[in-house]
Amino acid sequence: MTHPSLPDHVNPIQWHQALAVSRQTCARVFRDGGTPAEALAAFGLKAGGDEIPNWDKAVDQIAGEICAHPMARAA
């Protein structure tokens with residue numbers, strides 16, 4: 001299994017946590033008979049161009065989306 005590359009602008013801890021959430025989400029979609037495109041759609045994302053998304057790319061793209069938006073901090 002290849003390891004996704006860590007984007008330069010993302011904290012490594014944040015990236016690994018985002019990957020965990022993304023993998024968990026994709027696993028649930030897969031378990032329910034869904035496709036990578038449906039997992040992406042759950043986060044408001046689309047596959048790029050005519051490319052048919054696979055699970056690896058969906059996980060990375062979702063993790064990137066999670067890291068792109070700051071999370072609200074609990075008090």
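Every value quoted in this text rests on a predicted model; they were computed, and no experiment measured them.
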Inset, instruction - Could you tell me the separation between the NZ atom of Lys57 and the CD1 atom of Ile62, rounded to the nearest 0.5 Å? - result: 14.0 Å

Legend entry - same_hphob_cluster(Phe30, Val21) at 4.5 Å side-chain heavy-atom cutoff: no

Legend entry - Minimum heavy-atom distance Ala39-Trp55, with the two atoms named: CB-CZ3, 3.9 Å

Inset, instruction - Give the minimum heavy-atom separation between Pro53 and Leu40, together with the two atoms involved. - result: CB-CD1, 4.0 Å

Inset, instruction - First locate atom CG of Leu45, then atom CD of Glu65, and finally report the distance between them rounded to the nearest 0.5 Å. - result: 4.5 Å

Legend entry - Heavy-atom closest pair, residues Thr25 and Phe43: CG2-CE1, 3.5 Å

Inset, instruction - May I have the step-by-step check of side chain to side chain contact (heavy atoms under 4.5 Å, CB included) for Leu19 and Asp60, ending in yes or no? - result: CA-CA 7 Å; Leu19 277 176; Asp60 288 347; 3.9 Å; yes

Legend entry - For the student: nearest non-hydrogen atoms of Lys46 and Gln61, plus distance: O-NE2, 3.1 Å

Inset, instruction - Please confirm whether the backbone N or O of Gln14 pairs with a side-chain atom of Gln17, one donor and one acceptor, at under 3.5 Å? - result: no

Legend entry - Atom pair CD (Glu38) and SG (Cys26), whose distance is rounded to the nearest 0.5 Å: 11.5 Å

Inset, instruction - Kindly indicate whether the side chain of Trp15, heavy atoms from C-beta on, has any atom under 4.5 Å from the side chain of Asn11. - result: no

